[in-house]
Amino acid sequence: MKARDLKDKYIKFFESKGHKEIPSARLVPENDSTTLFISAGMHPLVPYLLGQPHPLGARLVDVQKCVRTGDIEEVGDECHHTFFEMLGNWSLGDYFKKEAIEYSYEFLTKVLNIDNNNLSVTCFAGDDDAPKDTESAEIWERLGIKDIKFLPKKDNWWGPAGTTGPCGPDTEMFYDGLEIWNDVFMQYNKNAKGEYEKLTRPNVDTGMGVERTTAVLSGLNDDYLTDIFQPIIKKIEELSGLSYVETRLITSLQSTHQKSMRIISDHIRSAVFIIADGVEPNNKEAGYVLRRLIRRAIREGKNLGMENNFCKIVAQSVLDNQDNYAGIYPELDLNKNKILEIIENEEIKFRKTLESGLHEINKLIIRNHQVSGSEAFNLYQSYGFPVEMIEEELDKNNLCLDIDEFNKLKTEHAKKSKTLSAGKFKSGLADDSHVVTKYHTATHLLHAALRNILGEQVQQSGSNITSNRLRFDFTYHSALTLDEIKKVEDFVNDNIKKNLPVMCQIMPLEKAKESGALHFFGNKYPSSVSVYSVGNVESWVSKEICTGPHVENTGIMGKFKIIKQESAGSGKRRVYAILE
Ligand code: ALA
């Protein structure tokens with residue numbers, strides 16, 4: 001089966017059950033600092049799962065781009081990926097267990113024609129927080145599923161996506177023992193104290209991984225043999241002169257080659273999608289993940305003897321997979337030149353880094369006849385120099401690295417960053433929602449102020465909010481003068497003092513655009529959108545297509561102050577601002 005068929009069938013099936021299709025959200029969460037990437041279909045829908053009405057109603061369906069980097073070290077086997085697509089259907093307080101399970105069953109057996117006997121399911125076994133999910137099991141039983149297991153929270157409970165938020169027991173579906181789908185019954189909200197409060201309006205959230213399910217349905221035990229990855233693998237075979245499936249080779253060598261090809265195709269595909277959503281390689285957060293993905297791909301290329309620049313060519317094969325992506329992700333086509341250029345430049349840069357790293361290693365070898373674990377960690381940390389290559393260099397000189405010391409430092413460092421990112425998670429939308437909400441409205445006023453003072457060429461190109469500050473990127477050619485900064489601040493503060501109402505209207509996309517509501521150029525929006533206006537609907541100060549949430553009146557926002565400005569790349573500026 002082709003991945004595209006699965007996606008089309010899924011969307012069509014749920015449309016026939018009254019669901020509205022929504023476009024995939026960008027991979028980088030907007031106005032949400034809780035995570036670097038969208039990691040599940042429900043993730044962009046959190047405000048709606050918590051009760052905000054969705055402009056398209058209570059039944060939604062989509063295919064959502066996701067990135068999970070927690071599993072990055074696992075990539076290389078048959079079924080792990082950093083980027084993947086997730087199919088999902090949602091009931092926002094509409095249907096619950098009975099319909100959700102019946103829809104899943106009907107789709108699997110009637111649309112995908114899976115034999116009942118090849119299906120098995122698991123349900124939640126119950127614990128102190130929530131009871132055993134006998135209801136789901138009974139529904140499955142009535143439908144004729146014989147293999148039903150009850151498993152504890154670690155297996156049959158999903159969410160919250162962060163530390164707090166909607167979550168609940170789930171029921172998972174397996175085809176010949178392989179998991180293909182998960183129906184989550186979001187009945188609880190985990191609060192900051194770690195308690196599970198019952199939601200007044202329970203939701204259904206489901207997730208089906210496109211890569212895994214396409215493979216399983218095609219009778220393949222390797223996701224990389226599907227039409228999603230084969231064009232990329234073919235390109236790597238061509239570039240390396242090696243075969244993905246090579247029967248003449250001894251098994252271990254073949255599997256090393258396969259592993260490298262999988263890592264390259266996974267990582268470059270991720271890089272393509274991440275760049276398409278506006279991220280550039282750098283040493284921080286999402287940009288750093290992107291950098292690591294490209295670098296890891298280059299390192300794996302070395303295992304296949306690919307010493308010349310290849311990432312751009314592999315990236316092109318992802319962009320060329322029109323069968324799979326055309327029409328769903330317009331951002332790929334819109335940004336194709338930029339994507340290829342960024343990937344190529346990053347590769348050139350990294351190859352230079354490798355050269356200077358090698359030089360550094362050889363200097364250490366000549367001087368000290370050794371590279372210590374901490375020197376190796378420094379090279380790894382500051383140059384991004386792969387430790388395997390340090391080991392290889394030492395090996396050439398009959399030396400060997402104290403890998404235990406290196407690993408100890410790496411683990412300590414990872415622990416530190418984990419604590420940092422857990423802190424980051426805590427400061428996000430989920431926990432400090434009212435502070436973040438104020439910053440969100442401040443972002444709209446700032447956007448309006450910049451356009452008012454600097455001119456309409458100013459366009460938002462990104463934003464990020466924590467509970468301590470907002471960051472706003474926009475198109476503009478030069479640094480703001482002190483006078484301009486003062487004027488922008490005054491504009492925002494005047495409108496805060498006026499205690500203006502913030503109104504939300506739901507309208508067709510075309511009408512929203514006609515009404516002058518600002519929106520991201522190139523974003524794919526649903527046919528009906530919510531438009532937030534600050535001021536009166538007739539004489540607004542700011543009007544933007546946006547998912548919210550926002551304050552009801554500007555008066556409660558406090559005093560707005562710009563604390564820093566810097567360049568955000570060519571033709572782009574970045575300002576940081578706080579509310580005091
Ligand atoms: N949110 C659920 C998942 O990611 C459906 O598996």
Side-chain angles (χ1 to χ4, degrees), residues 6-7 10-11 13-14 19 21-22 24-25 27 29 32 34-50 54 59-71 74 79-97 99-101 103-105 107-108 121-124 130 133 136 140 151-175 178-190 196 199 202-216 223 425 429-430:
L6 173 65
K7 290 188 268 192
Y10 190 97
I11 303 286
F13 175 78
F14 281 99
H19 294 63
E21 185 185 3
I22 51 171
S24 173
L27 271 175
D32 173 6
T34 57
T35 49
L36 297 181
F37 297 105
I38 294 293
S39 63
M42 57 74 75
H43 203 150
L45 294 171
V46 169
Y48 308 108
L49 291 165
L50 290 175
H54 193 281
R59 291 180 177 221
L60 306 173
V61 59
D62 78 5
V63 41
Q64 170 65 46
K65 303 180 278 188
C66 299
V67 164
R68 290 187 185 170
T69 49
D71 287 347
E74 310 282 332
C79 61
H80 277 90
H81 314 284
T82 49
F83 172 88
F84 63 99
E85 295 177 271
M86 188 185 279
L87 289 159
N89 57 285
W90 290 272
S91 153
L92 303 173
D94 187 332
Y95 59 84
F96 204 45
K97 293 184 184 176
E99 291 89 336
I101 292 176
Y103 290 155
S104 292
Y105 180 80
F107 181 70
L108 293 174
V121 302
T122 58
C123 301
F124 180 54
D133 190 5
S136 294
W140 283 120
L151 296 175
K153 196 175 243 137
K154 75 175 180 27
D155 303 289
N156 277 80
W157 185 277
W158 203 90
T163 42
T164 60
C167 56
D170 64 29
T171 177
E172 298 183 6
M173 288 148 263
F174 299 78
Y175 177 49
L178 295 165
E179 189 198 336
I180 49 172
W181 204 353
N182 185 10
D183 287 358
V184 187
F185 304 114
M186 300 203 137
Q187 284 160 280
Y188 300 93
N189 180 32
K190 189 176 182 187
Y196 293 90
L199 285 175
N203 308 297
V204 175
D205 156 45
T206 91
M208 175 187 265
V210 171
E211 290 72 8
R212 186 86 281 245
T213 309
T214 305
V216 171
D223 297 1
F425 221 116
L429 199 62

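One-based numbering, in listed order, for ligands and for the atoms of each.
S39 places no side-chain N or O within 3.5 Å of a backbone atom of R68 that could act as its donor or acceptor partner. A distance-only check finds no donor-acceptor pair linking the side chain of D62 to the backbone of E21 [under 3.5 Å].
Within the model, atoms CG of L45 and CD of Q64 stand 8.0 Å from one another, a figure rounded to the nearest 0.5 Å. Atom CE of M186 is separated from atom CH2 of W158 by 5.5 Å, given to the nearest 0.5 angstrom.
Here is the list of ligand 1 atoms found below 4.0 Å of a heavy atom in G207: 5 (C). Listed by number with element, the atoms of ligand 1 under 4.0 Å from a non-hydrogen atom of A40 are 4 (O). Each of the following atoms of ligand 1 lies closer than 4.0 Å to a heavy atom of V184: 2 (C), 5 (C). Close approach of ligand 1 to M42 (heavy-atom distance below 4.0 Å) involves ligand atoms 1 (N).
Side chains of T171 and D183: a donor-acceptor N/O pair is absent below 3.5 angstrom, by distance only.
With W181 as reference, F107 is the one residue of Y175, F107, F174 to meet the side chain to side chain contact (heavy atoms under 4.5 Å, CB included) rule.
In this structure, R68 has a heavy atom closer than 4.0 Å to ligand 1. At a 4.0 Å cut-off, at least one heavy atom of M86 sits close enough to ligand 1 to count as contact.
Contacts with ligand 1 closer than 4.0 Å are made by no heavy atom of Q64, backbone or side chain. With a heavy-atom cut-off of 4.0 Å, T206 touches ligand 1 through its backbone alone.
Here the heavy atom of the protein found nearest to atom 1 (N) of ligand 1 is D205 OD2, 2.7 Å.
Note that K153 lies outside the cation-pi zone of Y188, set by a 6.0 Å cut-off to the ring centre and a 45° limit from the axis.
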